[in-house]
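The structure under discussion appears below in the form of structure tokens.
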Amino acid sequence: MSSTPSTSTSSTSGPDAAPSAELLQAAARWFVLLASGEATEADHQRWQAWRAANPRHEAAWQRAQAVTAPFAHIPPAQAGVSVAALEKQQGRRAARRQALKSLGGLAGLFCAGWFGWQGWRSSDASADALTAVGEQRDLLLADGSQLRLDTDTAIDVAFSASERLIHLRRGRVLITTAKPKGEGDGDQPPPPFWVETAEGRVQALGTRFAVRQDAGSTHVAVMEARVAIHAGALGHFGFAPTAEAVATDDAPILAAGEAARFNRLGLLGRSAARSADSAWARGMLVADDLPLADFVAELARYRTSPLLCDPAVRALRISGTYPLTDTDKALAALARALPVRVVPARGNDPAGGLAIRPR
């Protein structure tokens, strides 16, 4: 965080007086900082010094704890403003004094700062790398690993001496792992390489593979070497598997040419990897007797306006290779390959997107 709460010793009429609005504000700000997980050791020392500097500071801290206790177990949510917003509002003291005189005012201040900070942490604005709809992007990581981000994808990267972690917030990524520079030789193996999704973790075992975050499940396809799937083993927003758990866990292993889908309870199914699992990284959509509904849904991921499929043609099957970099061209080819037409979804309104309807 960019700053720490003030350590001023603002006073009231006596040591037993109720904490002032300024002290309640300071206590709430300390609470937000410590609860965020971003506080440094120096921050903790300054917090302890602030509490010890004056009995009224300790009283304000105890009041803040009492007020914010009901919110301690509420999951982080996107709401309110960030802690930075609290900094910007310091000039509005007159209005805030009145609000902070009540416990509800203090609770609101805490929730706005805490939930706002957590909302920022989970929003696209805080992602280490992301792509817009229709965009793809290549990344070279510090250890030499290569990433290809698909359309509408957001990731976080966390490398340390003990692990290499990619947190896939949404979308799809193709990964070619590499040994960290200066490590992996002799008796010192490289740190494990993980890709984390909402359903678990995928461990790379010297490999090239693709991971896609879908609604309620994760799809993995392996092009080279192997990966291990640890369903439910969360780290970024849950728990990280220990070394002992990884060593003893009977994790499913996918070899080159295999694919699987899993949720937090385990594998939902295994299959042979398809050429489409990696063709997207070359800007192509490969359809092999694919239902038209699935084809349209995949193509829609690369368009900013809606793309709909009429129920009357959803079951038609399509094969071929189509460009993802020019979806209009792909739709024109679709209309030539099947008895369908591509028309505005809502009359002549261009903002309404397109629809695939029977010819």
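Only a predicted model underlies this, so the values are computations on that prediction, with no experimental measurement involved.
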Q146 CD to L141 CG distance, which is reported to the nearest 0.5 Å =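 Those atoms lie 9.0 Å apart.
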Approximate separation, where rounding is to 0.5 Å, of L267 CG and T218 OG1 =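 One finds 11.0 Å between CG of L267 and OG1 of T218.
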Take L139 and I155 through the test side-chain contact (heavy atoms from CB on, under 4.5 Å) and record every step on the way to the result.
-> CA-CA 11 Å; L139 288 179; I155 66 167; 4.0 Å; yes
Within the distance-only criterion (no hydrogens, no angle test), does the side chain of [X] pair as donor or acceptor with the backbone N or O of [Y] below 3.5 angstrom?
X    : Y    : result
R357 : R341 : no
T131 : L149 : no
R212 : G171 : no
E258 : A255 : yes

Shortest non-hydrogen contact from [X] to [Y]?
X    : Y    : value
A259 : H219 : CB-NE2, 3.9 Å
S278 : M223 : CB-CE, 3.5 Å
L23  : A60  : O-CB, 3.7 Å
A287 : I318 : CB-O, 3.6 Å
A210 : D277 : CB-O, 3.8 Å
F262 : V220 : CE2-CG2, 3.8 Å

Under a 4.5 Å cut-off applied to non-hydrogen side-chain atoms, are [X] and [Y] in contact?
X    : Y    : result
S145 : T176 : no
R164 : P192 : no
F209 : L174 : no
L299 : L331 : yes
S217 : L268 : yes

Can you check side-chain contact (heavy atoms from CB on, under 4.5 Å) on V195 and I175, steps first, answer last?
-> CA-CA 9 Å; V195 177; I175 300 169; 3.2 Å; yes
If a pair satisfies side chain to side chain donor-acceptor pair (under 3.5 Å) and one of its residues is in residues 132-142, list it, with sequence neighbours excluded.
->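 Every pair satisfying side chain to side chain donor-acceptor pair (under 3.5 Å) with a residue in residues 132-142: Q136-R148, Q136-D150, D138-R148.
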Linked, directly or transitively: Y302 and V286 (ILVMFWY side chains, under 4.5 Å) |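 In one cluster: no.
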Are L147 and L324 connected in the hydrophobic side-chain network, where two residues link if heavy atoms are under 4.5 Å apart?
->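 Not linked; separate clusters.
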Check: W194 ring centroid to H167 ring centroid under 6.0 Å |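 No, the ring centres sit 6.0 Å or more apart.
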For the ring pair W61 and W47, is the centre-to-centre distance below 6.0 Å?
->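 Distance test on ring centres: under 6.0 Å, yes.
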Considering only NZ, NE, NH1 and NH2 on the basic side and carboxylate oxygens on the acidic side, decide whether D152 and R301 come within less than 4.0 Å.
->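 R301 and D152: not salt-bridged.
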Electrostatic pair R261-E199, nearest N-O below 4.0 angstrom =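 Looking at R261 and E199, the cut-off is not met.
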Sequence neighbours left out, what passes side-chain contact (heavy atoms from CB on, under 4.5 Å) with A293? Give chain and number order.
->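 For A293 the side-chain contact (heavy atoms from CB on, under 4.5 Å) partners, ignoring immediate neighbours, are R314.
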With salt bridge (charged side-chain N to carboxylate O under 4.0 Å, His left out) as the test, would you mind laying out the steps for R169 and E196 before giving the verdict?
-> CA-CA 8 Å; R169 298 188 181 201; E196 179 182 289; over 6 Å; no
For the residue pair F159 and F193, does the interplanar ring angle fall in the parallel (under 30°), tilted (30 to 60°) or perpendicular (over 60°) class?
->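 Aromatic pair F159/F193 classed perpendicular.
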Identify the residue among I356, L292, V313 that makes a side chain to side chain contact (heavy atoms under 4.5 Å, CB included) with L338.
->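 Of all the options given, the one that passes is L292.
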Show your working on side-chain contact (heavy atoms from CB on, under 4.5 Å) between I166 and D156 and close with a plain yes or no.
-> CA-CA 6 Å; I166 304 297; D156 297 313; over 6 Å; no
Could you tell me whether the side chains of T207 and E224 share a donor-acceptor contact shorter than 3.5 Å?
->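 Side-chain D/A pair, T207 to E224: absent.
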May I ask you to check whether over 12 heavy atoms, not counting those of D288, lie within 6.0 Å of atom CG?
->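 Open.
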Salt bridge (charged side-chain N to carboxylate O under 4.0 Å, His left out) against D328, all qualifying residues, sequence neighbours excluded |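 For D328, the residues satisfying salt bridge (charged side-chain N to carboxylate O under 4.0 Å, His left out) (neighbours in sequence not counted) are R303.
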Let me see the working for L254 and R270 under side-chain contact (heavy atoms from CB on, under 4.5 Å), right down to the final yes or no.
-> CA-CA 9 Å; L254 298 184; R270 301 174 73 139; 3.4 Å; yes
